[in-house]
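The structure under discussion appears below in the form of structure tokens.
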Amino acid sequence: MRIGELSKRTGTPSRLLRYYEEQGLLAPQRCANGYRFYPATTVDRVRQIRGLLDAGLPTRIIKQILRCLREPMDIYFADATPEMIATLERERDRMTDRVEFLTRNRDAIAAYLEAVRRYRPTNAEGHPAADEQRTVPPRDASDSP
DNA sequence: ATTCTTACA
DNA sequence: TGTAAGAA
């Protein structure tokens, strides 16, 4: 399939599909007219990439991981070099840190919401009255993982 | 009509 | 990441 269809089937902008290729995450074939041609298995490949990206992994690391998850979508222990193990452990720890960070902020926001609901009851529609839209800035909102 | 590359915000 | 321009 060409980039347009892959884009539609993965919900990923073609701009990004080209970017992933540039980063070495994808390696489509080329048609005579120069158009990129992706095998059907690329759909899952892109889902894998998006998943890892959403998990906060940098494309640099994903490139390494993808070499262990060939086409069909199973794991190749043969490529599990000591270096790979080390990078994966490092990423796992970073993820753990982010989980804790997000948990703290989620709880801070939840507490804020609770406080707001306590001193300002909502109306029938479940929203604050128009003349009560003034807000109080949330507490701990530090962000930058 | 679709995709390509390159460049810039 | 998004968008733009010009070519194929």
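Note on naming: letters A, B, ... go to the chains in the order of the sequence lines (proteins, then strands), and numbering restarts at 1 for each one. Every heavy atom of this structure was used, including side-chain atoms; hydrogens, water molecules and symmetry mates were not. Everything quoted here is computed from the prediction, not taken from an experiment.
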Item to check | Earlier contact from the 5' end, DNA chain C, for A/N33 and A/T12 | outcome: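 That would be A/T12.
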Checklist entry - If you round to the nearest 0.5 Å, how far is OG1 of A/T87 from CD1 of A/I65? => result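 So the gap between those two atoms works out to 6.5 Å.
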Checklist entry - Going from CZ on A/R45 to CG on A/L6, what distance comes out if it is rounded to the nearest 0.5 angstrom? => result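 Spacing of CZ (A/R45) from CG (A/L6) equals 12.0 Å.
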Next on the checklist: Categorize A/F37 for me: base, sugar-phosphate, or nothing, with a 4.0 angstrom heavy-atom threshold over every strand shown.
Outcome noted: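 Result for A/F37 = nothing.
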Item to check | Under 3.5 Å: donor-acceptor pair, side chain of A/T12, backbone of A/S7 | outcome: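 Looks like no, no N/O pair under 3.5 Å.
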Next on the checklist: I'd like to know whether A/R47 forms a side chain to side chain contact (heavy atoms under 4.5 Å, CB included) with A/R50, so could you lay out the CA-CA distance, the side-chain angles of the two residues, the decisive distance to 0.1 Å, and finally the verdict.
Outcome noted: CA-CA 5 Å; A/R47 294 198 170 122; A/R50 300 297 298 243; 5.8 Å; no
Kindly give the atom pairs (protein nitrogen or oxygen, nucleotide nitrogen or oxygen) under 3.5 Å for nucleotides 4-7 of chain C.
none

Checklist entry - Is there a chain of hydrophobic side chains (I, L, V, M, F, W, Y, each step under 4.5 Å between heavy atoms) that links A/M84 to A/M95? => result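 A/M84 and A/M95: one cluster.
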Checklist entry - Hey, are A/R104 and A/E100 close enough for a salt bridge, meaning a charged N less than 4.0 Å from a carboxylate O? => result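 Looking at A/E100 together with A/R104, the answer is no, because their closest N to O distance does not fall below 4.0 Å.
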Checklist entry - Can a salt bridge be assigned to the pair A/E91 and A/R94 using a cut-off of 4.0 Å between side-chain N and carboxylate O? => result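 Counted as a salt bridge, because a side-chain N and a carboxylate O are separated by less than 4.0 Å.
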Rounded to whole Å, please give me the gap between [atom1] in [X] and [atom2] in [N].
X     : N     : atom1 : atom2 : result
A/L16 : C/dT3 : CG    : C1'   : 13 Å
A/E21 : B/dT3 : CD    : P     : 14 Å
A/L17 : B/dT5 : CG    : C1'   : 16 Å
A/R2  : C/dA8 : CZ    : P     : 18 Å
A/E22 : B/dA7 : CD    : P     : 11 Å

Checklist entry - Does A/M1 reach the side chain of A/R9, with side-chain heavy atoms less than 4.5 Å apart? => result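 Contact flag for A/M1/A/R9 side chains = yes.
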Listed pairs under 3.5 Å, donor-acceptor, residues 13-35 of chain A side chains, sequence neighbours left out:
{"from": "A/E21", "atom 1": "OE1", "to": "A/R36", "atom 2": "NH1", "distance (Å)": "2.8"}
{"from": "A/R30", "atom 1": "NH1", "to": "A/G34", "atom 2": "O", "distance (Å)": "2.9"}
{"from": "A/N33", "atom 1": "OD1", "to": "A/Y35", "atom 2": "N", "distance (Å)": "2.9"}

Next on the checklist: Determine whether a donor-acceptor pair (one donor, one acceptor, N or O, separation below 3.5 Å) exists between the side chain of A/Y19 and the base of C/dT1.
Outcome noted: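 Answer no: no donor N or O sits under 3.5 Å from an acceptor.
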Next on the checklist: Does anything in residues 23-30 of chain A come within less than 4.0 Å of DNA chain B? Heavy atoms only, and list the residues if so.
Outcome noted: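 The stretch gives A/R30 as the residues lying under 4.0 Å from the strand, ordered by number.
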Item to check | OP1 or OP2 of B/dA1 under 4.0 Å from side-chain N/O of A/Y35 | outcome: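 For A/Y35, the contact criterion (side-chain N or O under 4.0 Å from OP1 or OP2 of B/dA1) is not met.
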Checklist entry - Within less than 4.0 Å of OP1 or OP2 of B/dC4, is there a side-chain N or O belonging to A/R36? => result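 For B/dC4, OP1 or OP2 has a side-chain N or O of A/R36 closer than 4.0 Å.
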